[in-house]
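For reference, the structure is listed below as structure tokens.
Numbers restart at 1 for each chain; the letters A, B, ... are given by sequence-line order, proteins then strands.
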Number of protein chains: 2
Amino acid sequence: MVQKNKNPPPLAKPAAPVAPKRRGRPRAYQPEIALGNALDLFRKRGFAATSLDELSAATGMNRPSLYGAFGDKRELYIKAYQRYRADARAAMLGIFSDELPIRKRLERIFAVALDIYLSGDAGPRGCFTVMTAASEAVADPDIRAMVLEGFSELDKAFAACFRLAKEKGELPASADPVVLAQLASATIHTIAIRARARVPRKELEAIIKGAIDVMCGARSSA
Amino acid sequence: MVQKNKNPPPLAKPAAPVAPKRRGRPRAYQPEIALGNALDLFRKRGFAATSLDELSAATGMNRPSLYGAFGDKRELYIKAYQRYRADARAAMLGIFSDELPIRKRLERIFAVALDIYLSGDAGPRGCFTVMTAASEAVADPDIRAMVLEGFSELDKAFAACFRLAKEKGELPASADPVVLAQLASATIHTIAIRARARVPRKELEAIIKGAIDVMCGARSSA
DNA sequence: GGAATTTTTTGCGAAATGGTACAAAAGAAC
DNA sequence: GTTCTTTTGTACCATTTCGCAAAAAATTCC
């Protein structure tokens with residue numbers, strides 16, 4: 001046992017995805033879950049009205065831990081917003097890539113959006129991007145960049161849908177995918193805002209149906 | 001001079017519109033102007049992020065005077081919002097009642113809205129209703145009622161425009177004024193949000209033009 | 001078992017916040 | 001001129017806010 005040699009793993013994969021075996025005291029929280037709870041709070045209250053004490057209570061982490069894990073309040077807000085966007089993107093991805101008739105596709109997209117905006121035990125939470133744009137994006141360049149990217153992302157995804165539908169002959173040749181996409185985004189925005197003011201789901205669904213009729217032509221009133 | 005009788009004004013108009021000659025120390029501020037300044041601040045920062053100190057500085061009134069004149073912070077916010085709505089209504093009234101072709105009418109309505117949303121020396125201020133809806137309406141019933149009334153007011157005004165245009169034969173018989181009105185409101189909302197995120201005026205104008213084309217039919221591409 | 005390392009916990013502190021009490025000021029009524 | 005009324009200005013209070021320092025705890029490496 002003299003030359004025990006520490007058995008050096010000759011070519012072990014350097015990035016083991018599980019159990020990195022950190023060195024110090026183990027964390028008492030799960031970063032993913034804590035960030036999700038912080039996101040919930042920010043969505044409910046907005047940036048300025050959310051205090052670190054509330055965030056601490058919601059995440060189960062005390063303030064110094066919050067700082068260590070996510071930085072100050074603004075950084076935490078930005079990370080929460082990134083998480084929100086990633087979640088929303090994930091929820092939409094399948095629908096945008098599925099090869100459905102345009103009408104069905106739009107219906108599903110708007111339905112998912114409605115679910116996101118109307119969720120929340122203490123009242124509908126609306127759309128983080130819209131709230132953020134309304135309050136923080138004017139003054140904060142970093143947040144503004146993310147918000148603008150969010151608009152662009154949504155516009156482009158809708159435009160791709162309409163372009164494909166046009167190629168498949170579902171839309172008349174006169175249809176302009178970019179203009180239709182902006183109308184679809186506008187519909188997203190109007191239901192996000194109205195949801196936040198507790199407009200009932202039925203009315204929002206009626207707005208969606210009307211918008212789809214206009215965008216796709218009102219032939220099949222399903 | 002014994003029976004001087006205090007000369008009772010026999011039938012003097014009880015509501016003299018000028019110079020009521022108040023009794024105590026005269027006010028050092030003009031309520032209208034002070035409320036306007038408070039409105040500007042609230043539009044810039046939102047409710048929670050606006051402090052009474054800032055409001056005091058912006059209005060030129062010290063805090064006790066603010067409190068005496070408008071009540072606490074929330075009441076001041078509500079009064080500022082009422083003022084905003086009154087101003088916006090006044091700016092729109094003429095256009096909504098003018099008998100213009102529908103296309104021209106929409107162009108002017110959206111142009112006025114753009115001016116409101118893009119104004120502000122420290123960045124575009126957006127639409128107070130949208131900001132208010134996004135942040136306060138969920139939790140505050142009074143504010144929510146005002147916001148809902150704002151939505152309804154706009155929807156109805158647009159619907160009246162489209163209904164009239166349809167009667168005048170400017171729109172096809174298949175056009176649904178209510179649906180078109182919701183799309184017009186959605187366009188208002190999307191440009192309000194995007195303006196707040198500093199989307200350039202040109203892009204907003206393009207969105208408006210596209211929306212009008214869809215709503216009125218793209219024949220005359222003026 | 002002891003040293004090193006990372007996290008948690010407790011508690012502090014300086015600043016800002018919303019709101020108010022109270023005396024001084026400025027004008028009207030008499 | 002005196003009194004009454006209303007507003008202003010100064011100062012204050014209790015609470016909340018964000019942020020951090022320093023000690024205690026939990027784990028790995030040796």
Salt bridge check: are [X] and [Y] linked by an N-O gap of less than 4.0 Å?
X        : Y        : answer
B:Lys209 : B:Glu205 : no
A:Asp140 : A:Arg144 : no
B:Asp115 : B:Arg201 : yes
B:Arg89  : B:Glu153 : yes
A:Glu149 : A:Arg85  : yes

* Counterpart residues, side chain to side chain contact (heavy atoms under 4.5 Å, CB included), relative to A:Ala192 (two or more places apart) ->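 Counting only residues at least two positions away or on another chain, A:Ala192 forms a side chain to side chain contact (heavy atoms under 4.5 Å, CB included) with A:Tyr117, A:Cys127, A:Val130.
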* Sorted by number, the residues of residues 28-38 of chain B with heavy-atom contact under 4.0 Å to DNA chain D ->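 When residues 28-38 of chain B is checked for heavy atoms under 4.0 Å from DNA chain D, the hits, listed by number, are B:Ala28, B:Tyr29.
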* To do: Under 4.0 Å from any atom of DNA chain D, heavy atoms only: list the residues of residues 46-65 of chain B that qualify, in numerical order.
  =>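 Those residues whose heavy atoms fall under 4.0 Å from DNA chain D, taken from residues 46-65 of chain B in numerical order, are B:Asn62, B:Pro64, B:Ser65.
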* To do: For DNA chain C, find the residues of residues 66-82 of chain B with a heavy-atom distance under 4.0 Å and give them by number; none if there aren't any.
  =>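 Only B:Tyr67, B:Asp72, B:Lys73 qualify.
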* To the nearest 0.5 Å, tell me how far B:Leu114 CG sits from B:Ile191 CD1. =>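 Those atoms lie 4.5 Å apart.
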Which heavy-atom pair separates [X] from [Y] by the least distance, and what is that distance?
X        : Y        : value
B:Ile207 : B:Arg194 : CD1-NE, 3.6 Å
A:Pro124 : B:Val138 : O-CG1, 3.5 Å
B:Leu35  : B:Lys79  : CD2-O, 3.9 Å

* How far apart are the C-alpha atoms of A:Arg83 and A:Glu32, what are their side-chain angles, what is the distance that settles it, and do they pass the salt bridge (charged side-chain N to carboxylate O under 4.0 Å, His left out) test? -> CA-CA 9 Å; A:Arg83 161 70 165 274; A:Glu32 299 290 319; 3.7 Å; yes
* For B:Phe128, check ring pair (Phe, Tyr, Trp, His ring centres under 6.0 Å) against everything at least two apart and list the hits. => B:Tyr77, B:Tyr81, B:Tyr84
Close N/O contacts between protein and nucleotides 26-28 of chain D (under 3.5 Å):
unit_1: D:dT27; atom_1: O2; unit_2: A:Arg23; atom_2: O; d: 3.2
unit_1: D:dT28; atom_1: OP1; unit_2: A:Lys21; atom_2: NZ; d: 3.4
unit_1: D:dT28; atom_1: O4'; unit_2: A:Arg23; atom_2: O; d: 3.0
unit_1: D:dT28; atom_1: O2; unit_2: A:Arg23; atom_2: NH1; d: 3.2

